[in-house]
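All remarks here apply to the structure that follows.
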Amino acid sequence: MRRGSDIFSAKPTNGERKEEETLRPKFLDDFVGQEKLKRKLRTYIAAAKERGETLDHIIFYGPPGLGKTTLAHIIANEMGVNIKVTAGPILERPVDLVGLLSSLNVGDILFIDEIHRTPRNVEEFLYPAMEDFCLDIVIDKGPNARTVRINLNRFTLIGSTTRAGLITAPLRSRFGIVERLDYYPPEDLFRIVMRSARIMGIETDEDGAMEIARRARGTPRIANRILRRVRDFAQIHGGGVITAEVARQALDMLEIDSEGLDEMDKRILRTIIEKFGGGPVGIKTIAVAVGEDEGTIEELYEPYLIQKGFLSRTPRGRIATPLAYKHLGIPLQGRLPLFE
Ligand code: ADP
């Protein structure tokens, strides 16, 4: 059985992709939560349709698994256009983009996942495509080299990133709409779990779904993953129905605690408290001490720990908050000068 850290991993596994596909809401009405963002998107979509124009380029940013890819597909469905999907790291050379861009019809969407990982020369090649809907291609070498301009249909680029800070200023400035996705409250995750259970034919009672929702780290992808694992557990140990008790036992086995923290979350907090006097301590030092990649900590673990109020980011480094001491059962007396 997958342990906490695998359950929390950022990207879907290959086997999981298909199932995610079936769970993916197709229209804004089926997309649970993120009400403010949905309201804005509805307006942009209605306005563009009314004017008969294409949508502005959009960036979605926020932690993995919150619905950025899903929204890109939903926007395509709502606009009634096609969507082509690629990812920053796959685009190695500008030429990789030529075929993609020139195959787009008017209003189509190009979705670039992990857009912050697009190589710089490819990114620069995107600028005129985004701004003037054309590509300047250099053909031949040396004295014969010349530039050929290819005109493109007007399209909408939707970029997705977990690291908004890594997007260069010139790229960012070419997006008309920049929207953040936030972690979901347990009530929304509850609705997502109930919806997924219905689609997958899993029997779950409301308390069981709520238990999963509370521990799913504010993340739909993780809620769906936990649901699948708890289903296995319910099948073998719980008569096939997910109740609160079955969910609790399964989550304990997966080493996900009552606040949705896994072993790595706790190791990070414990390291800050026990090795560095509660902080402040730099992210690099934490990464070495816990044996995890710095980027993964920043992208996956830290945002949730901050959101839950266990960790605080200061100019001098990360600090474990009194709530972290309490959750880990470590006495606070005399240990936290910064909070006294
Ligand atoms: P991201 O691109 O942000 O990493 P995805 O869009 O791939 O996340 O979403 C991960 C999974 O969670 C998908 O299976 C998707 O269907 C589900 N999901 C995400 N957001 C929602 C939502 N608001 N309502 C229902 N399901 C969602």
Side-chain angles (χ1 to χ4, degrees), residues 6-42 58-78 83-90 109-117 157-164 166-167 177-200 202 204 209 212-213 215-229 231 260 295-296 298-301 303-304 307:
D6 302 319
I7 288 269
F8 291 164
S9 72
K11 287 278 153 198
T13 57
N14 281 339
E16 206 171 36
R17 269 210 181 92
K18 264 220 168 72
E19 202 153 45
E20 280 210 342
E21 220 36 61
T22 61
L23 294 180
R24 198 159 260 162
K26 301 276 182 293
F27 293 93
L28 276 176
D29 280 347
D30 314 317
F31 190 84
V32 177
Q34 308 282 353
E35 298 301 332
K36 269 197 219 139
L37 174 57
K38 277 194 299 197
R39 206 169 313 131
K40 283 196 240 178
L41 291 175
R42 278 204 178 93
I58 306 175
I59 280 206
F60 291 126
Y61 69 98
L66 296 193
K68 299 181 289 299
T69 308
T70 305
L71 278 178
H73 283 87
I74 287 178
I75 291 172
N77 290 338
E78 298 273 356
I83 178 168
K84 294 256 161 86
V85 176
T86 185
I90 299 176
I109 289 172
L110 175 65
F111 176 65
I112 306 186
D113 198 10
E114 296 186 82
I115 194 164
H116 63 278
R117 292 178 62 195
L157 178 66
I158 302 185
S160 157
T161 180
T162 47
R163 312 282 300 276
L166 297 184
I167 295 195
I177 301 169
V178 177
E179 290 293 342
R180 184 193 151 78
L181 273 87
D182 285 317
Y183 288 115
Y184 293 67
E187 311 81 73
D188 287 349
L189 290 175
F190 168 79
R191 286 165 59 204
I192 291 174
V193 170
M194 292 300 274
R195 176 182 178 275
S196 301
R198 198 183 61 239
I199 296 172
M200 293 196 278
I202 300 174
T204 172
I212 296 175
R215 300 211 215 173
R217 218 184 173 75
T219 308
R221 173 173 294 135
I222 294 174
N224 287 339
R225 252 182 211 161
I226 294 178
L227 175 65
R228 285 193 288 268
R229 295 289 71 82
R231 165 183 56 183
T296 307
E298 269 188 309
E299 181 176 316
L300 206 61
Y301 293 100
Y304 186 69
Q307 201 251 358

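Side chains included, hydrogens not; waters and symmetry mates left out as well; all remaining heavy atoms used. Given the structure is predicted, the values throughout are model-derived calculations rather than measurements. In each ligand, atom 1 is the first atom listed, and ligand 1 is the first ligand listed.
- Using modelled atom types, no side-chain atom of K68 and backbone atom of R180 make a donor-acceptor pair closer than 3.5 Å.
- Considering backbone and side-chain N/O atoms, R195 never comes within less than 3.5 Å of an N/O atom of ligand 1.
- Under the 3.5 Å distance criterion, the side-chain polar atoms of R195 are matched with a main-chain donor or acceptor of L23.
- Not one N or O of G33 is nearer than 3.5 Å to an N or O of ligand 1, by distance alone.
- Put simply, no part of F60 is less than 4.0 Å from ligand 1, judged by heavy atoms.
- The distance from the OG1 atom of T70 to the NE2 atom of H73 is 8.0 Å, given to the nearest 0.5 Å.
- Taking distance alone, with nitrogen or oxygen atoms compared against 3.5 Å, R24 approaches ligand 1 more closely than that limit.
- The N/O atoms of S160, backbone and side chain alike, include none that comes under 3.5 Å of an N/O atom in ligand 1.
- Under the 4.0 angstrom criterion for non-hydrogen atoms, P25 is in contact with ligand 1.
- Every atom of ligand 1 is numbered from 1 in the order shown, and the set under 4.0 Å from a heavy atom of I192 is 22 (C), 24 (N), 25 (C).
- Remark: ligand 1 atoms within the under-4.0 Å shell around heavy atoms of L23 are 16 (O).
- The distance criterion of under 3.5 Å between nitrogen or oxygen atoms is not met by P63 with respect to ligand 1.
- Polar contact check, V32 against ligand 1: a nitrogen or oxygen pair lies under 3.5 Å apart.
- The backbone N or O of L66 lies less than 3.5 Å from a partner atom in the side chain of Y184, making a donor-acceptor pair.
- Listed for the E78 side chain is a donor-acceptor partner under 3.5 Å among the backbone atoms of L28.
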